Amino acid sequence: MSNLLDQLDPRQREAVTTTEGPVLVLAGAGSGKTRVITYRIAYLIEQGLARPEEILAVTFTNKAAEELRQRVERLLPGGLPTAPMTSTFHSFCARLLRREAPTLGWKRDFSIYDTDDQQRLVRSILKEFGEDDRAWVARGVLERISRSKTAGRSPDDWQLSANPQERRHAPVFARYRQALRTAQALDFDDLLLEAARLLSEYPEARSRWQRRFRYLLVDEYQDTNRVQYELVRRLAPRPADDAERPNVCVVGDEDQSIYAWRGADYGNILRFEQDFPGARLILLEQNYRSTQPILDAATAVISHNSSRKGKVLWSERKEGTKVRLYEAQDAEQEAQFVAEKIWHYQRHNPQQRIAVLYRTNAQSRLYEEVLRRLEVAYRVVGGFSFYKRLEIRHLLAYLRVARNTSDEQSLLLILNVPPRGIGAVTAQGLRREARERAAPLWEALDVSPNEKLKKFRALIVSLQEELGRKPLPEVLEFALRETGYERWLAEQNTPEAEGRLENLHELIAAARESAERGETLTEFLDRAALVSDSDDYDAAAPITLMTLHSAKGTEFDLVFLVGMEEGLFPHSRSLDSEAEIEEERRLCYVGLTRAKNDLYLTRALARRSWAGTEAETNEPSRFLEEIPEELLERDTSERTVAAAAPGEWRYEPVESAGSQARRSGRASWPRRRRSEDDLTPRPPRRRRDPDYPTGCEVRHATFGAGTVVAVDGAGTDKKIVVQFTGYGRKTLMEKYAGLERV
DNA sequence: GAACGTAGAGTTTTT
DNA sequence: CTCTACGTTC
């Protein structure tokens with residue numbers, strides 16, 4: 001071990017060996033943060049300061065947690081006698097609550113509701129209250145609920161709120177909380193909140209958990225929210241001889257804080273030294289990942305942000321190619337360019353790991369199409385995860401109901417899947433019955449004279465019995481068979497149904513692995529509920545497609561950062577405030593600093609939002625303009641593209657970067673001169689908004705002439721209500737309607 | 001009640 | 001374009 005310490009630079013070594021008291025490690029991108037965390041844990045064990053299970057390390061994803069454990073194990077000559085507790089905040093809280101639930105008044109078998117469950121629930125509540133129950137309304141309500149919960153605000157606060165939306169939806173919020181209680185279900189926020197409540201309201205539980213750990217480590221501390229901060233405070237292990245200086249080490253980088261939108265507060269990291277007096281501050285500023293040109297570009301961009309502690313990263317890798325820029329006519333050409341580059345790079349050096357990073361998941365499709373055409377194998381991270389597939393949710397819902405019969409969302413999800421003659425009318429009747437008896441749905445099932453409902457209940461009971469006597473994979477097979485799901489899919493005889501069946505068998509295989517690791521049903525279901533999109537990142541995959549958010553914590557030899565356009569990145573929904581733009585900028589910084597050797601930035605002049613509508617002339621992302629010209633080099637391959645006949649052009653790689661530089665000169669778009677301190681957000685360019693005052697006459701391509709009745713919203717979301725002659729009243733999105741004033 | 005059709009509406013990031 | 005909601009038919 002001591003010779004392993006030699007592999008660390010002085011700062012890193014300090015971060016590893018400063019074991020006692022609070023430590024704040026501000027770790028710049030690529031500065032060996034993961035290394036510090038793994039070595040620190042190994043060091044604590046090796047020095048006999050703690051047994052592995054006395055160390056709690058909180059990471060951002062389950063994958064990172066698992067990897068951390070493995071890396072520590074590899075560092076120690078004899079391996080690990082026991083496992084350190086490495087997990088995400090959410091998984092840790094779930095585990096804690098499985099033990100402590102009764103203390104807090106929950107069943108030990110509580111369900112965990114993910115975003116999808118929450119959304120279904122909120123929509124049904126909105127419907128019940130006769131409110132607009134469209135998906136995006138529900139999403140908005142949930143966002144506010146989540147923020148309110150972490151901020152400690154209640155439905156009563158909503159009632160008195162200045163925000164009319166909150167006042168209107170206060171009963172929805174109240175009903176939502178009540179519904180979770182009856183269902184014995186906790187959402188993601190509740191996992192954190194209830195764990196925090198346990199640690200604050202039950203001193204004996206707190207000291208039990210505090211004594212359990214001797215050292216606490218938190219990675220990505222800049223992305224913790226208020227409740228997670230509370231948890232850190234409450235869990236921080238306090239040594240008997242120095243209770244004022246708990247052994248808590250947090251690691252993070254304020255420049256990589258990208259989750260403020262979901263309640264994270266990077267003020268947590270900026271305030272750490274006040275929150276934990278006597279904290280040791282360690283700065284890791286040497287970057288071991290990227291070449292200096294890449295680092296310079298990233299530094300140039302991030303320096304436009306105001307609220308930072310201001311680390312200055314440097315690299316010993318002075319040599320390196322400039323950051324390349326490619327401007328395509330449209331999004332298809334952009335994707336084609338990237339795909340062909342990848343093809344060439346990969347042929348030249350198959351060992352290279354390459355990433356395509358984008359702002360929104362929807363962007364992945366084009367890249368997938370082109371890469372598939374070129375027969376390049378790639379991996380997409382996130383997007384639509386395995387556990388979000390409907391068939392998977394269905395089968396898991398059977399298990400969830402069997403384990404927790406109060407779980408009404410899961411029960412309603414499978415009540416008539418596969419179809420067993422329990423339609424909307426019957427389901428509605430069941431719910432009314434339950435409400436009138438003030439009984440849970442499960443009990444209403446029992447007393448119902450409806451044979452179909454009774455049969456359904458018996459099916460669940462038989463599942464419960466199976467769970468009592470058979471291993472998990474066999475129970476899943478039983479469920480798949482006895483519910484009729486398997487037959488139902490088989491009878492459909494379509495490729496889709498076949499795929500679904502395959503997925504279900506994959507789930508059973510996962511259950512088998514889980515069982516082999518000795519996990520219980522609950523552990524299996526919890527993991528299914530808490531997997532994150534980033535969890536399917538595979539560091540060994542040669543080519544990866546993912547969002548910038550998922551890319552945090554990764555690195556690649558070659559990175560393509562695509563869609564560098566105003567309105568897409570920074571995203572149009574993030575232009576309202578300087579704070580949002582700064583977060584987009586940090587996201588850009590994260591993207592740039594993923595690259596080790598080569599970095600391409602691309603943008604498209606035209607991009608369709610969805611088929612059929614005309615494309616816009618996109619302005620380059622402001623982040624491109626923030627990179628000094630001398631660091632950029634324009635890729636000229638599009639000349640080849642432009643010269644070839646449309647539809648049959650081929651991209652010819654340019655041999656040397658030097659020749660490119662000579663030919664390309666400076667970037668081509670007109671650079672608007674802006675002074676350094678001019679931070680006013682520039683809106684993305686848009687067609688000039690014509691005004692549609694109520695009463696004015698308009699013309700629509702399909703509906704013909706009409707009169708404007710009302711206008712709702714503003715900007716890109718502006719909706720216009722028009723009374724058409726012959727077609728009645730229609731609500732149209734202004735940006736797509738193509739209305740004409742007459 | 002279920003299967004199938006058509007019309008209408010709408011894309012940020014995710015533990 | 002693609003997903004959902006709702007109407008029509010059996």
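The structure presented is a predicted model; accordingly, all values stated were derived computationally and were not measured. Atom set for the values below is all heavy atoms of this structure, side chains included, hydrogens, waters and symmetry mates excluded. Letters go in sequence order (proteins before strands), and every chain restarts at 1.
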Query raised in the report: Is A:Asn62 near enough to B:dT15 that one of its side-chain N or O atoms lies under 4.0 angstrom from OP1 or OP2?
Result: no
Query raised in the report: So, A:Arg607 and A:Glu334, do they make that salt bridge, N to O below 4.0 Å?
Result: yes
Query raised in the report: Hey, does A:Arg139 reach any base, or is it just sugar-phosphate, or nothing, if we go heavy atoms under 4.0 Å?
Result: sugar-phosphate
Report task. For C:dA5 versus B:dT12, give the span between their C1' atoms, rounded off to a whole number of Å. Result -> 25 Å
Query - Closest to side chain of A:Arg123, choosing from C:dT4, B:dT15, B:dT11 - result: C:dT4
Query - Side-chain N or O of A:Arg365 closer than 4.0 Å to phosphate OP1/OP2 of C:dT2 - result: yes
Query - A:Thr61 side-chain N/O to B:dT15 phosphate OP1/OP2 under 4.0 Å - result: no
Query raised in the report: Would you say C:dT4 has OP1 or OP2 under 4.0 Å from some side-chain N or O of A:Arg120?
Result: no
Query raised in the report: Hey, is A:Asp116 close enough to A:Arg393 for a salt bridge, meaning N to O under 4.0 Å?
Result: yes
Report task. Determine: side-chain N/O of A:Asn225 to OP1/OP2 of B:dT15, distance under 4.0 Å, yes or no. Result -> no
Query raised in the report: Counting only side-chain N and O atoms of A:Ser91, is one of them less than 4.0 Å from OP1 or OP2 of B:dT15?
Result: no
Query - Is_stacked (A:His90, B:dT15) at 5.5 Å, 30 deg - result: no
Requested in this report: Answer yes or no: is there an ion pair linking A:Arg585 with A:Asp255, defined by an N-O contact shorter than 4.0 Å?
Outcome: no
Requested in this report: Return no unless some side-chain N or O of A:Trp261 is found under 4.0 Å from OP1 or OP2 of B:dT14.
Outcome: no
